[in-house]
Amino acid sequence: MNDTILRVENLTKTYGDKTALKNVNFTVKRGRIYGFIGENGAGKTTAIRAITGLTHATSGKVELFGQQSQKGLEAARKKTGCLVERPILSLNKTAFENLQMQQLLFGQNDSEQIRQLLYRVGLGDVINKKARDFSLGMKQRLGIALALINRPELLILDEPVNGLDPMGMVDIRNLLRSLCEDDGITILISSHILTELYQLVTDYIIISHGQIVECISKKELQDKCSAYVLLETPQADEAARLLEEKGVTETERVNGQIKVFDDIPKEDIAKWMYEGKILLTLLLKHEESLENYYMHLLGRGEK
Ligand code: ATP
């Protein structure tokens, strides 16, 4: 089974002489949660608008559920729910009425589905409350419910946690995790803060200045951002033996280099090596924080 449900190829979008997207490429696979990360103005909304058909790309291709033609994409977009920037809500109408209007757009009329959806997004006890009385977090959850009305297989959300307080963020994160894990919905969610989505996503697509700078799984990112002491020595076998004798358990060897992941000060390691008459040509503590890594990547997108 082909588990790629979205493929973006060489997507370019210009506004006059301003290039918002430049040869953007990435894929989204079924059952995963992608964090689409980039600084303000990086091109996230433009890419999402092109994917969801809200704007035309200048060049390049969007393939959704295997469809690339205009007609095919129209059908495929019906399997996609999206919330771009702020949800479009009728503030004078209740949560129920807002969803009812959305259903009408899809030619549906199913009160039970509306009730279920509102419970699903945590608004079950405010079904008949007007949207204007909702907090920002409640409005975002109602926006997600609107995006879910057509039972999408792919949910695309543009900065849904932007401006939310920590509790509001936790609520949305839990909701999205459950939509993916329990309902099998694939999610693409944008943010300008890498760490904001850390507990939620399985993969990152990082964009900067209109260009993709990295597509990386969370596991790979964790490996890159882990802390370890790096040793380089022409006596790698002896050094590895000595570390084992000292009770070190978490190591990785690549040629003459050894990474020690146990939480041991590098001064202790230096002392052991000195006493063991092992020559060190390099000894350093590697500690890349997620934020540092991200800042470094953003620099790469600059023209
Ligand atoms: P943010 O996090 O601030 O929403 P973003 O990553 O979503 O940023 P976009 O909104 O996609 O970024 O904007 C990408 C670039 O394209 C920006 O430089 C923006 O000023 C420009 N841009 C977006 N829409 C238009 C438009 N309609 N006309 C001209 N320039 C535009």
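Counting starts at 1 for both ligands and their atoms, in listed order.
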Report task. Could you find the nearest protein heavy atom to atom 22 (N) of ligand 1 and give me its residue, atom name and distance? Result -> Y15 CE1, 3.6 Å
Query raised in the report: What part of H192, side chain, backbone, both or neither, has a heavy atom within less than 4.0 angstrom of ligand 1?
Result: neither
Query raised in the report: Quick one: OG1 on T52 to CG on L83, what's the gap to the nearest 0.5 Å?
Result: 11.0 Å
Query - Side chain T186, main chain G31, donor-acceptor under 3.5 Å - result: yes
Query raised in the report: Is there a side-chain contact between Y204 and Y294, using heavy atoms and a 4.5 Å cut-off?
Result: no
Report task. Using non-hydrogen atoms of the residue, decide whether E39 is closer than 4.0 angstrom to ligand 1. Result -> yes
Query raised in the report: From atom 20 (O) of ligand 1, is the closest protein heavy-atom distance below 4.0 Å?
Result: no
Query raised in the report: Between Y34 and F26, is the gap from one ring center to the other below 6.0 Å?
Result: no
Query raised in the report: Could an N or O of ligand 1 be found under 3.5 Å from any N or O of A47, whether backbone or side chain?
Result: no
**Report entry** Closest protein heavy atom (residue, atom, distance) for atom 12 (O) of ligand 1
**Finding:** G43 N, 3.1 Å
Query raised in the report: Can K13 be said to touch ligand 1, with heavy atoms closer than 4.0 Å?
Result: no
Report summary line: In this structure, CZ of R49 is separated from CD1 of I156 (nearest 0.5 Å) by 13.0 Å
Query raised in the report: Which residue and non-hydrogen atom of the protein lie closest to atom 18 (O) of ligand 1, and at what distance in Å?
Result: K18 CE, 3.0 Å
Query - Pair S208-E39, side-chain donor/acceptor within less than 3.5 Å - result: yes
Query raised in the report: Crowded around L104 CG? As in, over 12 foreign heavy atoms under 6.0 Å?
Result: yes
Report summary line: Closest non-hydrogen contact found for V8 with L11 is CG1-CB, 3.6 Å
**Report entry** E159 neighbourhood, listing ligand 1 atoms whose heavy-atom distance to it stays under 4.0 Å
**Finding:** 2 (O)
Report summary line: The closest protein heavy-atom partner of atom 16 (O) of ligand 1 is A20 CB, 3.3 Å
Report summary line: atom 4 (O) of ligand 1 sits nearest the protein heavy atom T45 OG1, 3.6 Å
Query raised in the report: Looking only at heavy atoms, what is the nearest atom pair of A239 and I258, with distance?
Result: CB-CD1, 3.9 Å
Query raised in the report: Is the shortest distance from a heavy atom of G38 to ligand 1 less than 4.0 Å?
Result: no
Query raised in the report: In terms of heavy-atom contacts, does NZ of K271 have more than 12 from other residues, nucleotides or ligands at under 6.0 Å?
Result: no
**Report entry** For T46, the ligand 1 atoms whose distance to one of its heavy atoms is below 4.0 Å
**Finding:** 9 (P), 11 (O), 13 (O), 14 (C)
**Report entry** Ligand-side contact atoms (ligand 1) for residue partner N40, heavy atom cut-off under 4.0 Å
**Finding:** 1 (P), 2 (O), 3 (O), 8 (O)
Query raised in the report: For atom 15 (C) of ligand 1, which protein heavy atom lies nearest, and how many Å away is it?
Result: G41 O, 3.6 Å
